[in-house]
Amino acid sequence: MAWGGWTWFARRVTLQDPETGSAPVRLYGWRHPAILAAGWFALAAGFAQFGATAALGDVARTFGADQTGRSIAAQVGLSGTTLGVGLAVIRLASIGSLPLAGMADRFGRKLTLLGCLALGLALTATAALSPTFWWFVTIFALGRPLLSASNTISGVIAAEETTSRDRAKAIALVTAGYAVGAGLTALLRGVLGDQLGFRGLFALALVPLAVTPLVARKLREPDRYRRLRTGAALGVAVDTGPSEAPPDPAGTSGGLRALWVAGRLRGDLRPRLWLLTALTFAFSFVIGPANTFLFVYAENALGMSRGTTALMVLVAGPLGLGGLLVGRWAADSFGRRRTAATGQVLVALAGMVTYSGTPTGAVGGYLLAIVAAAAYGPATAALAAELFPTSVRASVAGWLVAAGVLGAVAGLLAFGTISDALDSFALAAVVICAPVVLASALFAPLPETVGLELEQSAPE
């Protein structure tokens, strides 16, 4: 199908199908207010989600018992196994984002995003009242899927509101928003220290919750979604006013449609889903323990100060931005697959360096991982969006989040257990990271989508 009829007006592009004469789809540049709003929602989700990681050392010391010796439990406050299980439960809860993201295919991107973010932020603030470590785990586990779904849907909106030339930029902006939110959490903790505490840090989630209604005014339902749900994809006139999605053909609720989306994909699309699922699992198998154990390892095992870890986060900010810019440029210049594969290899190698046993390795490995993961993000998100049609795009994104959750959970459990068994973070990192380097070869069978519009790379 040939697509044409491009018209530029106030940074807006109108894309129309000349063969069917169906109503045009309005697309925007990556700096449009709707994209900036999606980036802000990702920032809020990152701020709330990363609190469990940034404050883990404080949480472990608060709820752990005093112990003697040189064991991990004595250094950290809780055993590696206890921390691994607790963090794995929180990570595993994110699998609930699968049906939540699927709701965006039925009830709309905007409504689902706003609902998930508001509830997720409220639950994060509630975690400030946790009386024990397992209460903390439980409350965070309830909010985690809502925040994961918020970040996922923000990326879908960025992909659907833009053209091929702006898509990687828009996704990079949303990714940067999440990273800024996560970094802000760690920075506030490092600067304010004991004056804030983990309870004060979690309570700060009320701030973005209060701002949400103001930013929501700039968020809009993507025309690609509205056009599909009103039948315009079949050549029917588009109702430009508010619309509700028609009942699902299979009679399935919005939350459940993501659970059976793999079964209704065309035969040529299913291998794409399985490959991306495996790759997402492998990447998260490394990034889960590499990021989540970092602060407790650096401060409690290596003896690094909060000020040092805060400085790491501060330096990581511009480096991460640089990684996003490099990743966006590479995704458009060298292709989505090659950029994503290279990023995955570098992240795995960085994980080994991070836990090599020295403060220099921890800082260097962490910063390398930040740059590599930032470059990996836009390429992979753009590839995932461009390989599947609009009718199932959010559901597929939910599947990939679920794969990432399972990968992170498996990595956390394995890392915590192996570090206890070998009494070594360094050996555990090698066992976890080495296989992921080899797994990057799975990007090769996927189609390259750079330069294609969504209607070309993944028609309905």
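In what follows, every heavy atom counts, from backbone to side chain, and hydrogens, waters and symmetry copies are set aside.
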Worksheet item: When you look at CZ of Arg220, are more than 12 heavy atoms from neighbouring residues, nucleotides or ligands closer to it than 6.0 Å?
Response: yes

* So, does Thr354 use its side chain to make a donor-acceptor pair with the main chain of Tyr366 at under 3.5 Å? -> yes

Item to check | Arg109 (side chain) donor-acceptor with Ala104 (main chain) under 3.5 angstrom | outcome: yes

**Request:** Could you label the plane-to-plane angle of the His32 and Tyr28 rings as parallel, tilted or perpendicular, counting under 30° as parallel and over 60° as perpendicular?
**Result:** tilted

When every non-hydrogen atom of Leu204 is compared with those of Pro208, the smallest separation belongs to O-CD, 3.3 Å

**Request:** State, with a plain yes or no, whether a side-chain heavy atom of Thr380 is found less than 4.5 Å away from one of Phe283.
**Result:** no

Ile171 and Ala381 have their tightest heavy-atom pair at CG2-CB, 3.4 Å

Counting only N and O atoms by type, is there a donor-acceptor contact under 3.5 Å from the side chain of Ser130 to the main-chain atoms of Ala127? yes

List the steps and the verdict of side-chain contact (heavy atoms from CB on, under 4.5 Å) for Leu273 and Trp399. CA-CA 9 Å; Leu273 179 59; Trp399 266 97; 4.2 Å; yes

Distance-only, no hydrogens or angles: does the Lys110 side chain make a donor-acceptor pair with backbone N or O of Leu219 under 3.5 Å?
-> yes

Here the pair of heavy atoms bringing Ile153 nearest to Leu113 is CG2-CB, 4.0 Å

_Taking the six-membered ring for Trp, are Phe415 and Tyr355 closer than 6.0 Å centroid to centroid?_
yes

Fill in: side-chain contact (heavy atoms from CB on, under 4.5 Å) between Leu452 and Ser164, worked out
CA-CA 6 Å; Leu452 299 177; Ser164 177; 5.6 Å; no

Residues at least two apart in sequence or cross-chain that pass side-chain hydrogen bond (donor to acceptor under 3.5 Å, both in side chains) with Gln344, listed by chain then number, are none

**OP:** Give the intermediate values and the outcome of side-chain contact (heavy atoms from CB on, under 4.5 Å) for residues Leu27 and Asp223.
**Re:** CA-CA 8 Å; Leu27 304 176; Asp223 271 8; 6.0 Å; no

- Donor-acceptor pair, side chain of Tyr225 and main chain of Gly108, under 3.5 angstrom: yes

Taking every heavy atom of Ala170 against every heavy atom of Thr162, the minimum-distance pair comes out as CB-CG2, 3.7 Å

Contacts of Ala375 meeting side-chain contact (heavy atoms from CB on, under 4.5 Å) (sequence neighbours excluded), chain-then-number -> none

Is any side-chain heavy atom of Thr112 closer than 4.5 Å to a side-chain heavy atom of Leu100?
no

For Ala444, does its backbone N or O pair with a side-chain atom of Arg337 as donor and acceptor, under 3.5 Å? yes

| field | Thr126 side-chain N/O to Ala122 backbone N/O, donor-acceptor pair under 3.5 Å | value | yes

Quiz prompt | Sidechain-backbone polar pair: Asp105 side chain, Ser395 backbone, donor-acceptor under 3.5 Å | solution = yes

Practice prompt. Evaluate the criterion side-chain contact (heavy atoms from CB on, under 4.5 Å) for residue pair Arg338 and Glu448; output intermediate values, then yes/no.
Written response: CA-CA 9 Å; Arg338 187 179 301 177; Glu448 183 54 71; 5.8 Å; no

Looking only at heavy atoms, the pair that brings Phe140 and Gln49 closest together is CE2-O, 4.2 Å

- Specify whether Phe334 and Trp329 have parallel, tilted or perpendicular ring planes, treating 30° as the upper limit for parallel and 60° as the lower limit for perpendicular. perpendicular

Scanning both residues in full, the closest heavy-atom pair of Ala176 with Leu324 reads CB-CD1, 3.1 Å

Can a donor-acceptor pair be found between the side chains of Glu453 and Thr163 at a distance below 3.5 Å?
no

Residues 382-399 vs salt bridge (Lys or Arg N to Asp or Glu O under 4.0 Å), sequence neighbours excluded, gives Glu160-Arg393, Arg167-Glu386, Arg336-Glu386

- prompt: Within the side chain of Ser284, is there an N or O that forms a donor-acceptor pair under 3.5 Å with the backbone of Ala408?
  reply: no

Between Glu161 and Arg224, is a salt bridge (Lys or Arg N to Asp or Glu O under 4.0 Å) present by the stated rule, with each step listed? CA-CA 8 Å; Glu161 289 277 49; Arg224 279 180 164 129; over 6 Å; no

### Query
In terms of ring plane angle, is the pair Phe136 and Phe202 parallel, tilted or perpendicular, where the classes change at 30° and 60°?
parallel

ask   = Can any side-chain N or O of Ser333 pair as donor or acceptor with the backbone N or O of Ala330 at less than 3.5 Å?
value = no

